[in-house]
Number of protein chains: 2
Amino acid sequence: MRLTAKSEYGLLALIDLAAHWGLGPISAREIAERQSIPPKFLEQLFVSLRKAGLVTAMRGARGGFVLERTPSEISVLEVVEALEGPLKPTACDGGSLCARSQMCAAATVWNRATAALRDVFDTTTLADLAGAQASIDAQGVDASQA
Amino acid sequence: MRLTAKSEYGLLALIDLAAHWGLGPISAREIAERQSIPPKFLEQLFVSLRKAGLVTAMRGARGGFVLERTPSEISVLEVVEALEGPLKPTACDGGSLCARSQMCAAATVWNRATAALRDVFDTTTLADLAGAQASIDAQGVDASQA
DNA sequence: CGCAATCCCTACCTAAACGGTATGGTATGC
DNA sequence: GCATACCATACCGTTTAGGTAGGGATTGCG
C-alpha cells in the first residue's frame with residue numbers, strides 16, 4: 001500500500017471540517033488556504049470523499065462541505081480508503097493476482113502488515129485528531145518549541 | 001510507505017536462501033527459476049541486499065549467495081528497508097519536509113501507522129517464514145485445498 | 001590453460017502513477 | 001443577475017516501477 005499526498009491532504013481537510021463542525025458548510029477554497037493545499041487538487045479529493053459518503057456538498061454561493069456524520073463516527077481508515085482505494089500492502093495479498101497465492105508464506109507477513117495498518121486507521125477518528133490538533137494549537141500559542 | 005515488487009521478490013528470494021541454509025552458495029539464476037522472478041531483476045535486488053549486509057556473494061563458477069547471518073537473525077524489516085529504503089508511510093512523517101511538522105495532529109496517525117508496520121516486520125524472521133513455507137509445502141503435497 | 005558459470009555495473013526503456021493545472025459547466029444565495 | 005461555490009473532464013510534466021540489455025570481472029573445474 002502506498003500512502004500519497006491524497007491521504008495527507010484529505011485527512012487535513014477533514015480534520016479541518018471536524019474542527020468547524022456545526023458551523024455550516026465550509027468551502028474548499030477556505031480549507032485550501034488554511035491548510036496550504038492546492039485548491040483545485042483539493043476539489044478533486046472532495047469529489048472522492050463525497051462519493052464515499054463522508055461529506056455532503058452544498059452548491060452555489062455560501063456553499064461548501066459538511067461532514068456526513070459526526071467527527072467521532074468517521075475513521076481515518078474510511079478517509080484513506082476513499083482516497084487511495086482498498087488498503088493492501090502489495091499485489092500479493094492472497095488474491096488471485098499472485099500465482100503463489102495460498103501456498104506462499106511471504107503472503108502471511110503482508111497480510112499481517114495490512115491488518116496492523118488497518119487497525120491503527122480504524123481506531124482513530126476525526127474527533128480524536130481534531131481534539132489533538134486543538135490541544136497542539138492551544139499549547140503552541142505561547143510555546144512553539146516546547 | 002509503498003511496498004513494491006522489490007520487497008515481494010526480495011523476501012521470496014531470502015526465504016529460499018533460508019530454506020537452503022547450510023548447503024553452500026545458491027545462484028541467483030537458480031532462485032529466479034524456483035521463485036518465478038525475472039533473473040536480471042533479481043540480480044539487482046541482490047546488489048542491494050549485499051550492500052545492506054544481509055547476504056554474501058561468491059563470484060565465479062559454482063558461486064552464488066549465502067545469508068550473512070542465520071535465518072532467525074534476519075528480520076523482514078531489514079529486508080524491506082534494504083530494498084525500499086527507510087520505512088515511512090508518507091512525506092509528512094515529522095521530518096522537515098512538511099511545513100506543518102510538529103504542529104500537525106495528522107502526523108501522529110502516520111507515525112503510529114509506521115510503528116505498527118515496523119513492529120510486524122521487525123518481529124518476523126526469515127526462519128519463521130522458511131518454517132511456515134515448509135509446513136505449507138508438506139501439507140500441500142496431498143491436500144492443496146485444505 | 002581455457003572456458004563456462006557466476007556475480008557486478010551501468011545504461012536504457014516503456015508504462016503507469018503522482019501531483020497537480022486548466023477550462024468550462026451548473027447550481028444557488030444575496 | 002451575478003459572484004460564489006461545487007462538478008466534470010481533460011490535459012500535462014515529472015518521477016517511479018518494473019524490468020531489459022550488454023558487457024566486464026572473477027573463479028571453479030576439466
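Just so you know, these numbers come straight off a predicted model, no measurement behind them. Throughout, a chain's letter reflects where its sequence line sits, starting with A, and its residues are numbered from 1.
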Between [X] (side chain only) and [Y] (backbone N and O only), is there a donor and an acceptor less than 3.5 Å apart?
X         : Y         : value
Asp137(A) : Ala134(A) : no
Glu84(B)  : Lys6(B)   : no
Gln133(B) : Ala105(A) : yes

Inset, instruction - Give a yes or no on whether Arg69(B) atom CZ has more than 12 heavy-atom contacts from other residues, nucleotides or ligands under 6.0 Å away. - result: yes
Inset, instruction - Go through DNA chain D in 5' to 3' direction and return only the first and the last nucleotide with some atom under 4.0 Å of chain A's heavy atoms. - result: dT4(D) to dA10(D)
Inset, instruction - Provide the closest heavy-atom pair for Ala32(A) versus Pro39(A) in the form atom of the first, atom of the second, distance. - result: CB-CA, 3.8 Å
Inset, instruction - State, to 0.1 Å, how close Gly24(B) and Val66(B) come at their nearest heavy-atom pair, and which atoms those are. - result: C-CG2, 4.1 Å
Legend entry - Toward the 5' end of DNA chain D, by each residue's nearest nucleotide, Glu84(B) or Arg62(B): Glu84(B)
Inset, instruction - Kindly assign one of parallel, tilted or perpendicular to the pair Phe41(B) and Tyr9(B), based on the angle between their ring planes and the thresholds 30° and 60°. - result: perpendicular
Legend entry - Thr114(A)/Asn111(A) under side chain to side chain donor-acceptor pair (under 3.5 Å): CA gap, chis, key distance, verdict: CA-CA 5 Å; Thr114(A) 310; Asn111(A) 287 333; 4.9 Å; no
Inset, instruction - Look at all strands and tell whether Phe46(A) reaches a base, only sugar-phosphate, or nothing, counting heavy atoms closer than 4.0 Å. - result: nothing
Inset, instruction - Identify, between Met58(A) and Gly60(B), the residue whose nearest nucleotide on DNA chain C lies closer to the 5' end. - result: Gly60(B)
Legend entry - Distance below 4.0 Å between Arg29(B) side-chain N/O and dA5(C) OP1 or OP2: no
Legend entry - Below 4.0 Å: OP1/OP2 of dG20(C) and any side-chain N or O of Tyr9(A): yes
Produce the list of close N/O pairs, under 3.5 Å, pairing protein atoms with atoms of nucleotides 22-25 of chain C; give distances to one decimal.
unit_1: dT23(C); atom_1: O4; unit_2: Lys40(A); atom_2: NZ; d: 2.9

Would you kindly give the [atom1]-to-[atom2] distance between [X] and [N], to the nearest whole Å?
X        : N       : atom1 : atom2 : answer
Lys6(A)  : dA17(C) : NZ    : C1'   : 9 Å
Lys51(B) : dC7(C)  : NZ    : P     : 16 Å
Phe65(B) : dA5(C)  : CZ    : P     : 17 Å
Arg50(B) : dT6(C)  : CZ    : C1'   : 13 Å
Arg2(A)  : dA17(C) : CZ    : P     : 11 Å
Leu42(B) : dT6(C)  : CG    : P     : 13 Å
Phe41(B) : dC12(C) : CZ    : P     : 19 Å

Legend entry - Worked check of side chain to side chain contact (heavy atoms under 4.5 Å, CB included) between Ile26(B) and Arg34(B): CA-CA 11 Å; Ile26(B) 313 285; Arg34(B) 199 151 45 203; 3.7 Å; yes
